[in-house]
Amino acid sequence: MNYIEALNEQQKKAVMHGDGPLLILAGAGSGKTRVLTHRIAYLVDDKGVKPWNILAITFTNKAAKEMKSRVVKLIGAEGEDMWVSTFHSACVRILRRDIDKLGYDKSFVIFDTSDQQTLIKECLRELNLNEKNFPPKSVLHQIGRAKDEMIDPQTYMTMYSTDFRLGKVASIYELYQKKLKINNALDFDDIIIKAIELLTEFPEVLGYYQSRFRYILVDEYQDTNSAQFTFVSLLSASHGNICVVGDDDQGIYGWRGANIRNILDFEREFPGTKVIKLEQNYRSTQNILDAANHVIRNNAGRKSKKLWTENGPGTSVRYFCASNEHEEAEYIIYEINKQVKEGIRKHSDFAILYRMNAQSRVLEEGFMKFGVPYKLVGAQKFYDRKEIRDLLAYLRLIHNPSDSVSLRRIINVPRRGIGKTTIELLEQQAAAREVSIFSLIQAIDSIQGISRAAGALQNFSSIICGLKAVKEQLKVSELIEEILKRTGYLKELEDEDTIEALGRIENLKEFISVAIEFERENEDADLGSFLENVSLVSDIDTLDEEKDAVVFMTFHSAKGLEFPVVFMAGMEEGVFPGYRSFSEEGELEEERRLCYVGITRAREQVYMTGAYCRTLFGSTTYNNVSRFVKELPEELVDGLETAKDRRDSLLSWDSTGRNSYSRDSYGPTMPAASRGMPKPQSYGEAGASQEPVELSNLKTGVLVEHKKFGVGVITRVEEEGDDLKLDIAFKSVGNKRLMAQYAGLRIIR
DNA sequence: ACCGTCGCCATTTTT
DNA sequence: TGGCGACGGT
């Protein structure tokens, strides 16, 4: 165990703790992943624990993969036999084995948020409730919170029977669960809850997993909810070998039902708990830690903790207030370019963090304009595209014919003459008989009132049955091709012959390559595991760290990551902290923790930026500087004074109209920027020698060359104003979205 | 049955 | 801004 030597005293204690509950309070950057991986290695190497007797839970699949590979490095290939996964993946794996005991079919599917909404709307219709009074989103949220607390519909009803609204929510909840069951589907919350149900109702199943998982480790414990707590409690009940790692200051998922008390009350829940605090930070400079500490100290009721480091003081936090969000983006680009040009950093050393995904658009535009490579995490657009969702609906229906939500999505896509009235009729009769729509169609003669559409239904049913019949012999990618062919989906797009349709075809092709990729990585890649993967894998899991590009993501996604330089954008009251956190102290504290997470992602440098005037969701606001910036002591921040001066001068400019943003107006407002900043013209028309490309020549399939990204092929063209938005697949850097005017493209053929 | 248009709406974070 | 439902014309 020579690797123990490199650890500090506290870390060693945590790693070498024997049996029994262990709570590790690990400050940001204190090496908790290291402690976890080493502890696993210690258990295997020194205590003779078998890897398959260990269950480690992480927050994302990416973290799981990483942890596993780090353990394998320490103890060798037998580490592969460990279960390292998220709560959801672990529970799905358990359910795949035994869910039939709960009356579900093993081919169950996972409903995502939009499936959930569809189902809620259906419930509302059936209960004659109005979407205005019961907005699906908020109803869904309330149901979700109930599920996090493991409150079932009946209990919910008795809890709120005196409240008219909540009483109705209870009945929606009840119907919603019933419908999920009929669809043979689980939503995200159900995944955990049904696993718990399985463990509690079937002692032999519980016994199996208790003896299988003799050591349980949970990362990011501050973000677990009550159901997840119950899950690990059950599994560890027989041996008490549960080790959790967390930081109450980094709890940022309260809105999703994460229960901070899981960590605060851990010692009470597990008597005899050994508590170890990791307070030495190895990641950041002293200034960054001071900044973080000054912010977080404004929160009440935390476990006491004082982070320290042996690193040097480093530079101050830099604050910059731009006149608007476009200039904010340009400031960021300018600072990044400067450091890259000096050769002290590469693009991938930078991360831009923001509160809302909506903020990324302006940043993207700026980065495209100046040709700075970036990678966007989140905003999971790909799977949300219509054609992809349609295709997934086919796949899901073939896999699980009970899935009426998917069926309804594609029963008339492409159009086959099954209209609204027919669908409503089917829906009603299916609901009345409590069967799935597909099984109803199978017995088509028993449906009353079907006249014209009967043939069309027959036709639809035989297409699906035909595909079901071949799904076993085909690989998923081949099945997709069959679907596109047999349903006429592809043909319809081809006949349309528009730019948009071509783009959709490209997307479908890309989806096929996703499937092929999946088949390559997984030996036993059947349809079920493919669908499961699509449901549970998030965007951050596929974050490619090799690529040299600036990373954009939300503060939430940044959890657990670190970067040399971090930009925190949109540091304004109303944006961060967000306006709806103002009303409640608890929510404000969560925003503050989020800020703390943001600051502590940085190793060497933190920038905070904001805009004097910001247009968001179509309306323009003038926000004050974020209170989080003001919570920093002056000596730790650079730029506060100048920001105030700027603001004063901007105010006077406003009245003269000189403040309006234009492409080359950042000269006066940003003197420094006019020097190192590459002008957009350098890629476009101003390069005198280079003719601007004729926009009409840019079509899907055209091969082009970009100064920076090299050769690529256009995969999608979309009109935007008098410009074209291009998706281009580059050989070297992969997919990029560029504005034709600024991209400075050369057509090869 | 289908398609286009209008006007209303809220508007975070994600497994 | 843009997604969505309601409505009305073909």
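Each chain gets a letter, A, B and so on, in the order its sequence line appears, and its residues count up from 1. Basis for what follows: all heavy atoms, side chains included, without hydrogens, waters or symmetry-related copies.
With sequence neighbours left out, A:His88 forms a ring pair (Phe, Tyr, Trp, His ring centres under 6.0 Å) with A:Phe188. Under the side-chain hydrogen bond (donor to acceptor under 3.5 Å, both in side chains) criterion, A:Glu532 pairs with A:Arg96, not counting sequence neighbours. A:Thr620 meets the side-chain hydrogen bond (donor to acceptor under 3.5 Å, both in side chains) test with A:Thr615; sequence neighbours excluded. Scored by the salt bridge (charged side-chain N to carboxylate O under 4.0 Å, His left out) test, A:Lys194 finds A:Glu197 as partners (sequence neighbours excluded). Legend: residues meeting salt bridge (charged side-chain N to carboxylate O under 4.0 Å, His left out) with A:Lys181, ordered by chain and number and at least two apart, are absent. Shown here are the salt bridge (charged side-chain N to carboxylate O under 4.0 Å, His left out) partners of A:Glu325, two or more places apart in sequence or in another chain: there are none. A:Ser404 meets the side-chain hydrogen bond (donor to acceptor under 3.5 Å, both in side chains) test with no other residue; sequence neighbours excluded. Taking A:Ser226 as the reference, A:Glu149, A:Asn259 meet the side-chain hydrogen bond (donor to acceptor under 3.5 Å, both in side chains) condition, with sequence neighbours excluded.
Between A:Asn225 atom CG and B:dT15 atom P there is a gap of 14 Å when expressed in whole angstrom units. Straight-line distance from the CD atom of A:Gln116 to the P atom of B:dT14: 15 Å, rounded to whole Å. Going from atom NE2 of A:His556 over to atom C1' of B:dT15 covers 13 Å, rounded to whole Å. As a whole-Å value, the separation of A:Arg93 CZ from B:dT15 C1' is 18 Å. Remark: C1' of C:dT1 and CE of A:Met356 are 13 Å apart, rounded to the nearest angstrom. The distance from atom CE of A:Met568 to atom C1' of B:dT13 is 15 Å, rounded to the nearest whole Å. In this structure, A:Leu588 places its CG atom 17 Å from P of B:dT12, rounding to the nearest Å. Atom P of nucleotide C:dT1 and atom CD of A:Gln359 are separated by 17 Å, given to the nearest angstrom.
The shortest distance between the side-chain N/O atoms of A:Thr615 and the OP1/OP2 oxygens of C:dT1 is not below 4.0 Å. The side chain of A:Thr422 contributes an N or O atom lying less than 4.0 Å from OP1 or OP2 of B:dA1. Dashed line: the shortest gap from a side-chain N or O of A:Asn357 to OP1 or OP2 of B:dT12 is not under 4.0 Å. Put simply, A:Thr554 has a side-chain N or O that comes within less than 4.0 Å of OP1 or OP2 on B:dT14.
Within residues 244-263 of chain A, the residues approached by DNA chain B to less than 4.0 Å at the level of any non-hydrogen atom are A:Tyr253, A:Trp255, A:Arg256, in residue-number order.
Among the nucleotides B:dT15, B:dT13, B:dT14, the one closest to any side-chain atom of A:Ser557 is B:dT14.
Note: A:Phe87 and A:Phe59 fail the aromatic proximity criterion, with ring centroids not under 6.0 Å apart. Taking the six-membered ring for Trp, A:His556 and A:Tyr253 have ring centres closer than 6.0 Å.
With a 4.5 Å cut-off on side-chain heavy atoms, A:Glu427 and A:Arg125 count as touching.
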Would you tabulate the nitrogen or oxygen pairs shorter than 3.5 Å linking the protein to nucleotides 2-5 of chain C?
residue: C:dG2; atom: OP1; partner: A:Arg361; partner atom: NH1; Å: 3.4
residue: C:dG5; atom: OP1; partner: A:Lys121; partner atom: NZ; Å: 2.9

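For B:dT13 and C:dC4, the P atoms lie 15 Å apart once the distance is rounded to whole Å.
Comparing A:Glu591 and A:Gln228 along DNA chain B, the residue whose closest nucleotide (by nearest heavy atom) sits nearer the 5' end is A:Glu591.
Screening residues 575-598 of chain A for ring-ring contact (aromatic ring centres under 6.0 Å, His included), with sequence neighbours left out, gives A:Phe555-A:Phe576, A:Phe576-A:Phe628.
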- prompt: For every nucleotide of nucleotides 2-10 of chain B, 5' to 3': is a protein heavy atom under 4.0 Å from its base (B), only from its sugar-phosphate (S), or from neither (-)?
  reply: SS-------
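With hydrogens and angles ignored, a donor-acceptor pair closer than 3.5 Å exists between the side chain of A:Arg355 and the base of B:dT13.
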